[in-house]
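First comes the structure, then the notes that go with it.
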Amino acid sequence: METRAISATVARFLLESKKLLINGEWMESSSSDLLPVMNPATGERLTYIAAGNEEDVDRAVAAARAALEKGDWKKMTPMDRSKLLWKIADLIDLHADELAELETLDNGKPISISRNGDVKASSNVFRYYAGWPTKIVGETNPVSNGNYLNYTVREPVGVVGQIIPWNYPLMMAAWKLAPALAVGATVILKPAEQTSLTAIRLGELLIEAGVPAGVVNIVTGTGKKAGAAIANHPRIDKVAFTGSTEVGRHIMQAGAVNIKRTSLELGGKSPNIIFADADLEAASLGASEGVFYNMGQDCTAGSRVFVQRQVYEQVLERIVQYAENLRVGNGLDPLTDIGPIVSEEQVERISSYVEIGLEEGATLMSGGKRVTDGVLKHGHFIQPTVFANARNDSRIAQEEIFGPFVSVIPFDDAEEVISLANDSIYGLGAGIWTRDIGRAHSMAKSIKSGMIWINSYGAVDPASPFGGYKMSGYGREMGAYAIDLYTETKTVWVKMD
Ligand code: ADP
């Protein structure tokens, strides 16, 4: 079996099983139960994490509540929080190589994505929100029903549960933590059980940066135990969730217990639409990268590519060529484009859609097979897969596959493609490729999704709202929107006479 050299720093980190962070201390779960952490590229066990349970979540909530209501965190000024967030960003940058290596070992993604994508995006989001604490303002309101001064203040929403998925483990932790800390909330973070290591390392960096005890608690464990305990907890004021639509529904239902604020960033089946007048080289590349980046394990993956009929064959050929040139391998190898899928369960799910696509009558143009030869035989690898002539109402074009799997679908005109693109339970992202500026904007207006990319696909930035329509969830992360997610508005009436 292939074992690539792991740096001494990461090897040291993996040596001991990882604990829960509660009230500023690393501790075992009350049950002492552990979960193994597997390397998806080799099938080897990397280490163990603590399997948190209801009692652990209770302890974390008590710590978070105490930190919210009294102590150092409450005394910190907005400027203090700015400095703290900036320091966290600096520490992430300082440990960027180590975090990237850990992410690739744990999640499988190519090291170039970990290093230049995830880790960089994580420090960026902390740096962006470092600017916010001093700019969260209320309003004075011109009321007419008496001689009043009426003003609003923004207050932290309270104790926040943050439940995150395995596709961008560190980056999801950063997206969630940075705005919550900017407003002065306190947090119980639950990373995905498959990929908790970078969140745990981030926890160590938060302590090093000076985040007071109890402000960020990290409870690792399964969704069914630790996740559900957070979703059900009556003393958690808000849950921010990123993950599947199915679990999102559970989170909403569980939140009813105490009318929790919830924000949900869920699945997608995003259309990437290429008109015949587009720059076809750029569009084909954008469509390919838009679905194969991060092995397609991306809620905004452009997994339905619609191509206008007169250029359909040309674009399809380019996408197939792109897929066939992708190098499948261990993510630690700098030449790897497609790393392993996160788990055996996921790679099996993806494979099952190859059968479904064939049964539905779509044409398999490329890929579709598990990669099991040589050093890859113990990992969860699958070839990038391209299906042509899929029907938009077929399962492969309607269900979120969450893998390197694309359906390329022909269309004739704008009206048809708008109705096909919108015929989905999801509405997260959409790409539009055309040189006709009027058409680009009218398409942007007609597509029901939270994010539209014109002549590009998938760009994300801390200043730009991120989130979906329909069953892709609700609430927007990033920008001022995330400040709204983590604050309550209080109105104050002052009688003036
Ligand atoms: P994915 O399909 O990406 O694995 P999930 O929605 O299953 O997405 O998981 C996303 C996160 O939700 C993970 O941290 C997982 O542990 C957690 N989770 C799963 N089931 C539940 C649940 N019933 N309640 C709360 N959290 C859950």
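First listed ligand is number 1; within each ligand, the first listed atom is number 1.
- Under 4.0 Å from ligand 1, not a single heavy atom of Phe402 appears.
- Among protein heavy atoms, atom 17 (C) of ligand 1 sits closest to Ile163 CG2, 3.6 Å.
- For Phe241, there are no ring-ring contact (aromatic ring centres under 6.0 Å, His included) partners at least two apart in sequence or on another chain.
- Less than 4.0 angstrom separates some heavy atom of Ile251 from each of these atoms of ligand 1: 25 (C).
- For atom 16 (O) of ligand 1, the closest heavy atom belonging to the protein is Glu193 OE1, 2.6 Å.
- What sits closest to atom 26 (N) of ligand 1 on the protein, heavy atoms only, is Gly227 CA, 3.5 Å.
- No hydrogens or angles considered: a donor-acceptor pair under 3.5 Å links the side chains of Ser123 and Asp93.
- Atom 9 (O) of ligand 1 lies below 4.0 Å from none of the non-hydrogen atoms of the protein.
- Considering backbone and side-chain N/O atoms, Ser244 comes within less than 3.5 Å of an N/O atom of ligand 1.
- A side-chain donor-acceptor contact under 3.5 Å links Lys176 and Thr242.
- Taking the charged nitrogens against the carboxylate oxygens, Arg235 and Asp58 have no contact shorter than 4.0 Å, which rules out a salt bridge.
- Checked by distance only, ligand 1 and Trp166 come closer than 3.5 Å through their nitrogen or oxygen atoms.
- In this structure, the protein non-hydrogen atom closest to atom 18 (N) of ligand 1 is Gly223 CA, 3.3 Å.
- A side chain to side chain donor-acceptor pair (under 3.5 Å) with Asp237 is found for exactly one of Arg261, Arg65, Lys260, namely Arg65.
- For the pair Lys190 and ligand 1, the shortest N or O to N or O distance falls below 3.5 Å.
- Annotation: Tyr474, atom OH; neighbour count of heavy atoms from other residues, nucleotides and ligands within 6.0 Å is above 12.
- Taking the six-membered ring for Trp and thresholds of 30 and 60 degrees, Phe292 and Tyr322 have nearly parallel ring planes, at less than 30 degrees apart.
- With a 6.0 Å radius and a threshold of 12 heavy atoms from other residues, nucleotides or ligands, Glu155 has its CD atom above the threshold.
- Closest protein heavy atom to atom 12 (O) of ligand 1: Phe241 CE1, 3.2 Å.
- Protein heavy atom in closest approach to atom 14 (O) of ligand 1: Ile164 O, 2.7 Å.
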